[in-house]
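Okay, structure first, notes after.
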Amino acid sequence: GAALRWKGVQGLGGARRSSASRLRQQSGRRCRGSRWSTRCAWVAKDGNCLFTSIALQLHRTAQAVRRVAAQYIRGHPQDFLPFLTTGRSSVASARSPVEAHCHKIEKSKSWGGEVELVALSMALERNI
């Protein structure tokens with residue numbers, strides 16, 4: 001299976017630190033209460049967490065999963081346009097809302113949300 005390296009958690013208080021330590025210790029072990037042979041994996045809160053979680057299941061990188069989401073959104077702009085808001089950034093003003101969003105997905109560590117989950121579910125033909 002895929003393994004994650006724990007890089008440490010900086011700036012966390014005592015209660016959160018122990019929770020992160022517990023998760024790190026449980027990484028790779030069978031998840032409690034699961035009927036399936038699932039494994040727990042600790043994923044860093046670095047903006048890539050959604051994409052990393054999916055990438056672990058696909059044995060890919062978070063960046064590859066970001067590209068899949070962006071490609072699907074670009075290929076189906078009318079499905080996503082009502083859910084994309086344009087900001088006042090120079091990137092958004094120079095591009096369509098769909099292209100600005102896809103650029104943000106591919107080029108930054110911005111958090112993924114419902115739009116990206118739907119795009120990945122459709123692109124991968126899997127329920128998420």
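- Residues Ala62 and Ala55 share a closest heavy-atom pair of N-CB, 3.8 Å.
- Distance check, rounded to the nearest 0.5 Å: CG of Asn48 to CD1 of Ile54 gives 11.5 Å.
- Annotation: the span from Lys104 atom NZ to Leu84 atom CG amounts to 8.5 Å, rounded to 0.5 Å.
- Between Arg74 and Glu106 there is a salt bridge, with a side-chain nitrogen of the basic residue lying less than 4.0 Å from a carboxylate oxygen of the acidic one.
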Listed pairs under 3.5 Å, donor-acceptor, residues 113-128 side chains, sequence neighbours left out:
from	atom 1	to	atom 2	distance (Å)
Glu116	OE1	Gly113	N	2.6
Glu116	OE2	His101	NE2	2.5
Ser121	OG	Arg126	O	2.5

Are Thr52 and Val65 close enough, and set up right, to give a side chain to side chain contact (heavy atoms under 4.5 Å, CB included), and what steps lead you there? CA-CA 8 Å; Thr52 299; Val65 174; over 6 Å; no

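- In this structure, Phe83 is a member of the same hydrophobic cluster as Val68, with clusters built from ILVMFWY side-chain heavy atoms closer than 4.5 Å.
- To the nearest 0.5 Å, atom CD1 of residue Ile105 and atom CD of residue Gln63 are 10.5 Å apart.
- The distance from atom CZ of Arg66 to atom CD of Gln71, rounded to the nearest 0.5 Å, is 14.0 Å.
- When side chains are defined from C-beta on, Val43 does not count as touching Leu50, because their heavy atoms never get closer than 4.5 Å.
- For Phe80, the ring pair (Phe, Tyr, Trp, His ring centres under 6.0 Å) test picks out no residue, with sequence neighbours left out.
- Nearest heavy atom pair, residue Cys49 against residue Ala44, reads CB-O, 3.5 Å.
- No donor-acceptor pair closer than 3.5 Å links the side chain of His103 to the backbone N or O of Glu99.
- Phe51 CZ to Asp46 CG: the interatomic distance, rounded to the nearest 0.5 Å, is 11.0 Å.
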